[in-house]
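Working notes, beginning with the structure itself.
Excluded from the calculations below are hydrogen atoms, water molecules and symmetry mates; all remaining heavy atoms, backbone and side chain alike, are included.
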Number of protein chains: 2
Amino acid sequence: MPHVKTQTIDFDRPLTTVDIVIFTVSEETLRVLLVRRPVGEGEPFPGRWALPGGFIDTAKDADLESCARRKLTEKTGVDVPYLEQLGSYGNAIRDPRGWSATHVYFALMGLDDVELAAGGNASELRWAPVHADITGEALAFDHAEILAAALTRLRSKVEYTSLPAFLMPVEFTLTELQRTYEVILGRELEKKAFRTRVLAADLLDTVPRMQVGANRPAQLYRLRDTRKAHVFARPFGSADAPNAAGMRR
Amino acid sequence: MPHVKTQTIDFDRPLTTVDIVIFTVSEETLRVLLVRRPVGEGEPFPGRWALPGGFIDTAKDADLESCARRKLTEKTGVDVPYLEQLGSYGNAIRDPRGWSATHVYFALMGLDDVELAAGGNASELRWAPVHADITGEALAFDHAEILAAALTRLRSKVEYTSLPAFLMPVEFTLTELQRTYEVILGRELEKKAFRTRVLAADLLDTVPRMQVGANRPAQLYRLRDTRKAHVFARPFGSADAPNAAGMRR
DNA sequence: TGGGTTAGTGGGAAAGGCCCACTTAGTAAT
DNA sequence: ATTACTAAGTGGGCCTTTCCCACTAACCCA
């Protein structure tokens, strides 16, 4: 089966794709972007929901990350504020077309500035709420497993970083930010401790304007450095047990 | 340029490899395993030092991780106690043979139980000390960059996990473990705080034997669970500044 | 003007790390 | 033997940070 080309490359090359897990928060719910698999001859998992992604185009993509950005822009029409690599998944059976490996990226964005489906058919795109078991949704390929890993990573990092700030609109109040933390972590945080820490970290710029509503107006903030997450010295407290994390997967 | 085979797979497939960054500590020095690139017609970077790794064999390897384990066993002859994925690196230029992507694994092992070069020519294998800039060594491919990322990951995780325990021989004293932490972190830790934390974490089993030497004998310990690292609630203190880590790479 | 609701703060108790100094237990040398 | 030396291991106070609860502040609405 190895079709010899040159001396050095006499191995079958696995199929190579890039997939993106992109999260946002809206209506107090964590959501992930899914796309519907095309229906057609030879298409695997036709009509099923899947993570956005696809084959690397060795002619167009200079590297893995720009491939991920290209695919994201094709779907959402925006440049995501946060993108990091999640990991890669490869084995003989995940794609019926053959041995395949996917490079998975992990992205966060606020929902205020996105015109979804900018480049696609709206009915084929969906911000799916991440409930207890979105795994029960039977996503295409091994995307349920990948999504679970992304969720674990998100929750883990939210414990001790400012990642949720990338899920917010440009301007937000401290209470709204705290709510986002709480939605992701699934538990409540202490108001005082939260405020003290976040403000002490010097992450936010005060906007000279207040958010008005039915109650006392709240100070508006915006992220100072939109490129880097902040790492807190300690995780946010008020939790139950310390977690034991070992080798991934 | 895409040579059409079927409707679904009309993209050039990148070259796909797996590489491993494996660390150990000996003589109070952090070391990484390197192999010498073969010399031959069409071989890239002939004679240069590189991370162990190679092409995926779609016939032999069920998945990425078993490919990594296979290659490690071929080199060191042992089963490593700790293995996690580091990430993947792919672009058009890292391999002169074409667009290539590598899946990188990150491994730790103690040096007491390894018979290096079990499966290879000894002169072609080397535990290279990780000095300030091993990057100056001009490793093959983009392996210097990958090694730097692995080092960052190692240092970062050592701040708040029990990873260094996987770099120790089977039995060791608390002071020796602390020395390993210090070697990796490049700074000294407080003896009392270190002991209190490690013992409270209940990671270690007491060996009913003491290590004798020129001074007061020290209690010997061994790792209780050799499969999982422990995550401490807080990082080891006595440092300088909190670090700001953002998107990887 | 008073009720309701959310924003934001004060302050003390409690927990746990940090750090220094002390004791302990062995070898080696006089 | 006695003494010096060195590394193992401990006692205990200081200090930071969280935790928790209650209080004040500011606005809308009826």
Side-chain angles (χ1 to χ4, degrees), chain A residues 28 158-162 168 171-183 185 187-222 230-242, chain B residues 28 158-162 168 171-183 185 187-222 230-242:
Chain A
E28 304 227 327
V158 165
E159 291 281 2
Y160 61 97
T161 70
S162 65
M168 306 301 293
E171 297 185 354
F172 52 89
T173 69
L174 277 187
T175 303
E176 288 166 352
L177 181 61
Q178 182 177 346
R179 281 303 299 147
T180 299
Y181 272 87
E182 291 171 343
V183 161
L185 293 178
R187 70 169 194 270
E188 298 197 338
L189 299 180
E190 276 302 317
K191 181 166 62 166
K192 187 66 185 303
F194 181 83
R195 293 173 157 261
T196 308
R197 285 171 66 125
V198 171
L199 291 180
D202 211 33
L203 290 172
L204 305 179
D205 279 328
T206 307
V207 175
R209 204 146 34 77
M210 308 293 265
Q211 184 182 73
V212 293
N215 304 101
R216 173 173 172 175
Q219 180 62 57
L220 282 169
Y221 295 89
R222 73 167 64 202
H230 182 266
V231 179
F232 294 100
R234 335 180 146 194
F236 285 93
S238 200
D240 318 303
Chain B
E28 304 226 325
V158 165
E159 291 280 2
Y160 61 98
T161 70
S162 65
M168 306 301 293
E171 297 186 353
F172 52 89
T173 69
L174 278 188
T175 303
E176 288 166 353
L177 181 61
Q178 183 177 344
R179 281 303 298 148
T180 299
Y181 272 87
E182 291 171 342
V183 162
L185 293 177
R187 70 168 194 270
E188 299 198 337
L189 299 180
E190 275 302 316
K191 181 166 59 167
K192 185 63 186 304
F194 181 83
R195 294 174 158 261
T196 307
R197 286 171 66 124
V198 171
L199 291 180
D202 212 34
L203 291 172
L204 305 179
D205 278 330
T206 306
V207 176
R209 204 147 32 80
M210 306 293 266
Q211 184 181 72
V212 294
N215 305 101
R216 173 174 173 172
Q219 180 63 58
L220 282 168
Y221 295 90
R222 74 168 63 203
H230 182 266
V231 179
F232 294 101
R234 332 180 149 196
F236 285 94
S238 201
D240 318 303

Grab the [atom1]-[atom2] distance between [X] and [N] for me, whole Å please.
{"X": "B:R187", "N": "C:dC19", "atom1": "CZ", "atom2": "C1'", "result": "15 Å"}
{"X": "B:K191", "N": "C:dG17", "atom1": "NZ", "atom2": "P", "result": "18 Å"}
{"X": "A:Q178", "N": "D:dT18", "atom1": "CD", "atom2": "P", "result": "13 Å"}
{"X": "B:Y221", "N": "D:dA8", "atom1": "OH", "atom2": "P", "result": "12 Å"}
{"X": "B:F194", "N": "C:dG16", "atom1": "CZ", "atom2": "P", "result": "20 Å"}
{"X": "A:R179", "N": "C:dA7", "atom1": "CZ", "atom2": "C1'", "result": "15 Å"}
{"X": "B:L174", "N": "D:dA7", "atom1": "CG", "atom2": "P", "result": "17 Å"}
{"X": "B:R195", "N": "D:dA7", "atom1": "CZ", "atom2": "C1'", "result": "10 Å"}

Check: Toward the 5' end of DNA chain D, which comes first, B:R234 or B:T175, by nearest nucleotide?
Finding: B:T175

Checklist line | Residue closer to the 5' end of DNA chain D, A:R216 versus A:K192 (nearest nucleotide) | finding: A:K192

Listed nucleotide nearest any side-chain atom of [X], set [options]:
{"X": "A:A193", "options": "C:dG17, D:dT18, D:dA8", "answer": "D:dT18"}
{"X": "A:E190", "options": "C:dC18, D:dA8, D:dC19", "answer": "D:dC19"}
{"X": "A:Q219", "options": "D:dC27, D:dC19, C:dG8", "answer": "C:dG8"}

Check: Is a salt bridge present between A:E176 and A:R179, judged by a nitrogen-to-oxygen distance below 4.0 Å?
Finding: no

Margin query: For B:E182, is there an ion pair with B:K191 - N to carboxylate O distance below 4.0 angstrom?
Written below: no

Check: In terms of ring plane angle, is the pair A:Y181 and A:F194 parallel, tilted or perpendicular, where the classes change at 30° and 60°?
Finding: perpendicular

Next item on the list: Establish whether the base of D:dT6 is bridged to the side chain of B:N215 by a donor-acceptor pair shorter than 3.5 Å.
Entry: yes

Note to self: Between B:L199 and B:L174, does the side-chain contact (heavy atoms from CB on, under 4.5 Å) criterion hold? Intermediate values first, please.
What the structure shows: CA-CA 9 Å; B:L199 291 180; B:L174 278 188; 4.0 Å; yes

Checklist line | Any B:V207 side-chain heavy atom under 4.5 Å of B:Y221 side chain | finding: no

